[in-house]
S.K.: 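Take a look at this one; I'll ask things after.
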Amino acid sequence: MIQVRPLTFPQDFQWGFAAAAPQIEGAAFEDGKEPSVWDTFARIPGKVLNGDTLDIACDHYHLYEKDLALMAQLGAKNYRLSISWPRIQPTGRGAVNPKGIDFYNRLIDACLQNGLTPWVTMFHWDLPQALEDDFGGWRDRRTAEAFGPYAETLVKALGDRVKNWITLNEIFCFTQDGYGNGTKAPGAKESEQVVNQTYHTALLAHGYAVRAVREFGGPGARVGITDNPIPTIPLTETERDIEAAQKAFIEINSRVLEPLYRGEYTEAYFKTVGEDAAQFKADDFKLISQPTDFLGLNVYTGQFVRAAEPQGYEILPLPASYPTADATWLAHAPQAIYWCARHVAEIYEVPSVIITENGAGYDDAPPVNGEVLDLHRRDYVRNYLKELHRAIGDGVPVEGYFLWSFMDNYEWMDGYQRRFGVVYNDYATQTRTPKLSAKWFSRVIAENRIV
Ligand code: PNW
């Protein structure tokens, strides 16, 4: 006899969509906003596919009411959005731009009117260009010291309605990629030591922001950071490979998670970076390692690991035939979400894990008869959710899941070609069309189970 066991999530599980200001808002030079490093970077020939800029994007700055109504119609209860620092403080310091505050007041109010709980990321890569020009951006701790007052401004202005704060999104991407690999803004290629210094500045900025939420957040305020550690998947789920995967997880992600959770740069860090370690002051770690309420994880892909001598593990290269999304870095590895959540729970005993991003980037074709049949994305998400469900069943404290992304948007150096939305965006007309994946995800939320 067949007996179907529904893959139901816990009753208070939080479902939502995620997005980020620079990728959707547009209005890049409107109402007092000055350029971010991404506005500058996008204009350097050859850096972004087709020379796409963030100038207009999804024009969400003007269309947010319609967008939030659609989100609510799809049944979301939570929305992870980000705030543009150069809209609030055009040069990253000093006077606050009242029109910037106005916009986010309206945005937050519209979230609440639509039954959407806002989860606010304070920084999603759009550093004010003036801080890059005047301080050297994340190379210099003055940027972290400027982040403190910015975070305070946000918490004081919005904290009566915003209770979930995320300090930074993916330190790796705006430090290593921005200052080391040169693939993201500002596009620098610095030494290992300087890159490690940018990580350290980012960690300090996180610390100042946590302090701002603790001091001014008011009742019920919570704060965490969103990180994208590389998930290490044991090749087989045997004790030996699991131990190897844990060891690899600690070592390869040691630049961010060790100082946050252990309050120091540990052996794993020095083993990884050697003489190129960041310079720091003894007191820095008190700020950096203040306890937080949750850890946000962005999980897209993972690396397979098996036990091996002498270092205890071996990271396996993916064969050329391994399936990926059209975003070729995005190898399909659903177990990544299980193991990433489990590793941080087991290794760092984080009190709560929130999947702040998961999704898949494809070059979807435009709607045909009003439909986009993105079975590829639907099944990608479905497979990851099954592994997330398994993690919860195994006792990992996962509180919520935010799908990246609500609608197609500016995919950084891949411009507008690469689509991560479950809602299709026609950029010429700014018409939004929910794809098959959106309709499916909407049922998942409504039934609180994988359908
Ligand atoms: C995230 N990787 O970045 C960002 O937070 C989003 O802004 C972005 O649009 C989204 O993922 C899709 O790319 C990542 O190489 C970039 O593992 C690269 C990786 C992971 C996340």
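Just so you know, ligand 1 is whichever comes first in the structure, and atom 1 is the first atom listed for that ligand. Everything numeric here is computed off the predicted structure, so don't read it as measured data.
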S.K.: Test your reading of the structure: does N169 have an N or O sitting under 3.5 Å from an N or O of ligand 1?
M.R.: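 Yes, at least one N or O pair falls under 3.5 Å.
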S.K.: Please state which option from F174, W329, F172 has its nearest heavy atom closest to atom 17 (O) of ligand 1.
M.R.: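 Of the listed residues, W329 has the closest heavy atom.
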S.K.: Should the pair R222 and F294 be classed as cation-pi, given the thresholds of under 6.0 Å to the six-membered ring centre and 45° from the axis?
M.R.: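 Judged by the rule, R222 and F294 form no cation-pi pair.
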S.K.: Heavy-atom contacts with N298 under 4.0 Å: which atoms of ligand 1 show up? List them by number with element.
M.R.: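 Every atom of ligand 1 under 4.0 Å from some heavy atom of N298: 5 (O).
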S.K.: Distance to 0.1 Å, residue and atom name: give those for the protein heavy atom nearest to atom 10 (C) of ligand 1.
M.R.: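 Ranked first by proximity to atom 10 (C) of ligand 1 is Y300 OH, 3.3 Å.
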S.K.: Has the side chain of K163 got a donor or acceptor atom that lies under 3.5 Å from a matching backbone atom of R161?
M.R.: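 No, because the side chain of K163 does not come within donor-acceptor range (under 3.5 Å) of the backbone of R161.
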S.K.: For atom 4 (C) of ligand 1, what is the nearest protein heavy atom, given as residue, atom name and distance?
M.R.: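 Looking only at protein heavy atoms, the one closest to atom 4 (C) of ligand 1 is E357 OE1, 3.4 Å.
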S.K.: With no hydrogens and no angle check, is any side-chain donor or acceptor of D276 less than 3.5 Å from a backbone partner on E192?
M.R.: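 Absent.
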S.K.: Would H124 count as a polar contact of ligand 1, with the cut-off being nitrogen or oxygen pairs under 3.5 Å?
M.R.: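 Checking ligand 1 against H124, an N or O pair does fall under 3.5 Å apart.
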S.K.: For atom 3 (O) of ligand 1, what is the closest protein heavy atom, and at what distance to 0.1 Å?
M.R.: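 Checking every protein heavy atom, the shortest distance to atom 3 (O) of ligand 1 gives E170 OE1, 3.0 Å.
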S.K.: Crowded around K189 NZ? As in, over 12 foreign heavy atoms under 6.0 Å?
M.R.: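 Result for NZ/K189: open.
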S.K.: Counting distance only, does the side-chain N/O of S36 pair as donor-acceptor with the main-chain N or O of D126 below 3.5 Å?
M.R.: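 Such a contact is absent between S36 side chain and D126 backbone.
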S.K.: So, W404 versus F17, ring centres under 6.0 angstrom or not?
M.R.: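 No, the ring centres sit 6.0 Å or more apart.
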S.K.: Which of these, R418, Q23, E411, has its nearest heavy atom closest to atom 13 (O) of ligand 1?
M.R.: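 That would be E411.
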S.K.: Measuring from the heavy atoms of W412, does anything fall under 4.0 Å of ligand 1?
M.R.: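 A heavy atom of W412 does come that close to ligand 1.
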S.K.: Quick test of your reading: applying salt bridge (Lys or Arg N to Asp or Glu O under 4.0 Å), list the pairs with at least one residue in residues 62-72, sequence neighbours left out, ordered by first then second residue.
M.R.: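 Every pair satisfying salt bridge (Lys or Arg N to Asp or Glu O under 4.0 Å) with a residue in residues 62-72: D67-R432.
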